[in-house]
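Structure first, then comments.
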Amino acid sequence: MAPVKVFGSAAFTNVARVLVCLEEVGADYEIVDIDFHAKEHKGPEHLARNPFGQVPAFQDGDLMLFQSRAISRYVLSKYKTDEVNLLREGDPEESTLVDVWLDVEALQYDPAMSSVFFQHRVVPALGGTPDETIIGESIEKLRKVLDVYEARLTKRRYLAGDFVSLADLSHVPEAHYFMEMPYTAVFDSYPRVRAWLEDLFARPAAMKVVSLMTKDFRG
């Protein structure tokens, strides 16, 4: 069986999210780089893969997908086993809780994290000056999310329950970049959140993908 293809560099958090899932299930995959400097992402060939001109795009035979969380669901469903069931398929309550917390990650956690990253890392790279007001406001939004996480993780080991799931793994890419910025003290007030993240980062799949992110980002 031919490996699936992931279009886009691991340096992009949305690409890394898919790669973590592929590593978790042990699927064969190929990363196909997209040259953003040459605007390859806006060319007709890539737009046929992802009509928004973004990454990732994902190919499995004749199937082409975009949107990282949808791709992640597909990967985890296709390669599900009794030992690796990160969507908790087969249990309506648990699978719905995975969806709930994945929505929280996408709609609450990710925007705050992304805003800080953009100001701190992307704006200077483009020759601009970070807006500290936006950073401060984003950190406060993140604190409100972490308040909820801390309370949840007081009751459960992971977000959806006492089992690791896509809802947890989806946090890894953004958290990795955040931990390299000078704002990590925000986690000092959230010991259960910090322990949860350390648990996730210690997973072999996360370690592999973080190494790819580091290589591609600096590369």
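None of these values were measured; they are calculated from a predicted model.
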So, the side chain of Glu23 versus the backbone of Val209: is there a donor-acceptor pair under 3.5 Å, distance only? no
With a 4.5 Å cut-off on side-chain heavy-atom distances among I, L, V, M, F, W and Y, is there a chain of contacts connecting Val172 to Leu107? no
Ser115 and Ile134, any side-chain heavy atoms less than 4.5 Å apart: yes
Tell me if the CZ atom of Arg152 is crowded by more than 12 foreign heavy atoms within 6.0 Å. yes
Just so I know, are the side chains of Ile31 and Tyr29 near enough to count as touching, which here means a heavy-atom distance under 4.5 Å? yes
Closest contact, heavy atoms only, Ala10 versus Leu212: CB-CB, 3.8 Å
Strictly below 4.0 Å, N to O, side chains only: are Arg203 and Glu24 in salt-bridge contact? yes
Minimal non-hydrogen separation, His120 against Ile135, with atom names: N-CD1, 4.5 Å
Met181 versus Phe178: any side-chain heavy-atom pair under 4.5 Å? yes
Listed by chain and number, what are the ring-ring contact (aromatic ring centres under 6.0 Å, His included) partners of Phe58, not counting sequence neighbours? Tyr74
Between Ser68 and Arg17: side-chain donor-acceptor atoms closer than 3.5 Å: yes
Which word best sums up how the rings of His41 and Phe36 line up, parallel for under 30°, tilted for 30 to 60°, or perpendicular for over 60°? parallel
For Arg194 against Thr184, the heavy-atom pair lying closest together: NH2-O, 3.3 Å
Could you grab the distance from atom OG of Ser165 to atom CG of Leu159, nearest 0.5 Å is fine? 7.0 Å
In this structure, CG of Asn50 is separated from CE of Met64 (nearest 0.5 Å) by 10.0 Å
Sub-3.5 Å donor-acceptor pair from the side chain of Ser114 to the main-chain atoms of Pro111, do we have one? no
Start with the C-alpha gap between Trp101 and Asp168, add the side-chain angles, then the distance that decides, and say whether side chain to side chain contact (heavy atoms under 4.5 Å, CB included) holds. CA-CA 8 Å; Trp101 288 99; Asp168 306 291; over 6 Å; no
Consider only side-chain heavy atoms of I, L, V, M, F, W and Y, link residues closer than 4.5 Å, and tell whether Val148 and Val100 are in one cluster. yes
Got more than 12 heavy atoms from elsewhere within 6.0 Å of NZ, Lys78? yes
Taking 4.0 angstrom as the limit, do Arg157 and Asp199 come out as a salt bridge? yes
Is there a side-chain contact between Lys5 and Phe7, using heavy atoms and a 4.5 Å cut-off? yes
What is the distance from atom CZ of Arg73 to atom CG of Leu102, rounded to the nearest 0.5 Å? 5.0 Å
Could you tell me which residues satisfy ring-ring contact (aromatic ring centres under 6.0 Å, His included) with His176, sequence neighbours excluded, listed by chain and number? none
Hey, are the side chains of Val104 and Tyr149 touching, using non-hydrogen atoms and a 4.5 Å cut-off? yes
How about Met207: does its CE atom have over 12 heavy atoms from other parts shown lying under 6.0 Å from it? no
Here the gap from Leu166 atom CG to Asn85 atom CG, rounded to the nearest 0.5 Å, amounts to 11.5 Å
Sub-4.5 Å side-chain heavy-atom contact between Ile34 and Ser9: no
Tell me every residue that passes salt bridge (charged side-chain N to carboxylate O under 4.0 Å, His left out) with Glu45, counting only those two or more places apart in sequence or in another chain. Arg49
Does Val32 form a side chain to side chain contact (heavy atoms under 4.5 Å, CB included) with Val6? I'd like the steps, not just the answer. CA-CA 6 Å; Val32 182; Val6 181; over 6 Å; no
Which atom names give the shortest non-hydrogen contact between Ile139 and Tyr183, and what distance separates them? CD1-CB, 4.0 Å
Do Leu19 and Phe66 share a hydrophobic cluster (ILVMFWY, side-chain heavy atoms under 4.5 Å, transitive)? no
Enclosure of Lys141 NZ (heavy-atom neighbours >12, cutoff 6.0 Å): no
Going from CG on Leu153 to CZ on Arg192, what distance comes out if it is rounded to the nearest 0.5 angstrom? 8.5 Å
Here the gap from Arg88 atom CZ to Glu94 atom CD, rounded to the nearest 0.5 Å, amounts to 4.5 Å
Take Gln54 and Leu47 through the test side chain to side chain contact (heavy atoms under 4.5 Å, CB included) and record every step on the way to the result. CA-CA 8 Å; Gln54 299 171 342; Leu47 287 172; over 6 Å; no
Provide the closest heavy-atom pair for Glu105 versus Ser170 in the form atom of the first, atom of the second, distance. OE1-OG, 2.9 Å
If you define the side chain from C-beta out and look only at heavy atoms, does anything of Leu22 sit under 4.5 Å from Val4? yes
One pair to check against side chain to side chain contact (heavy atoms under 4.5 Å, CB included): Tyr177 and Met213. What are the steps and the verdict? CA-CA 9 Å; Tyr177 282 144; Met213 293 175 71; 3.6 Å; yes
Can you tell whether the side chains of Asp103 and Arg69 come within less than 4.0 Å, N to carboxylate O? no
Phe52 atom CZ, neighbour heavy-atom count above 12 within 6.0 Å: no
Are side-chain heavy atoms of His171 and Trp196 found at a separation under 4.5 Å? yes
Could you report the tightest heavy-atom contact between Leu86 and Val98, atom names first, then the distance? O-CG1, 4.3 Å
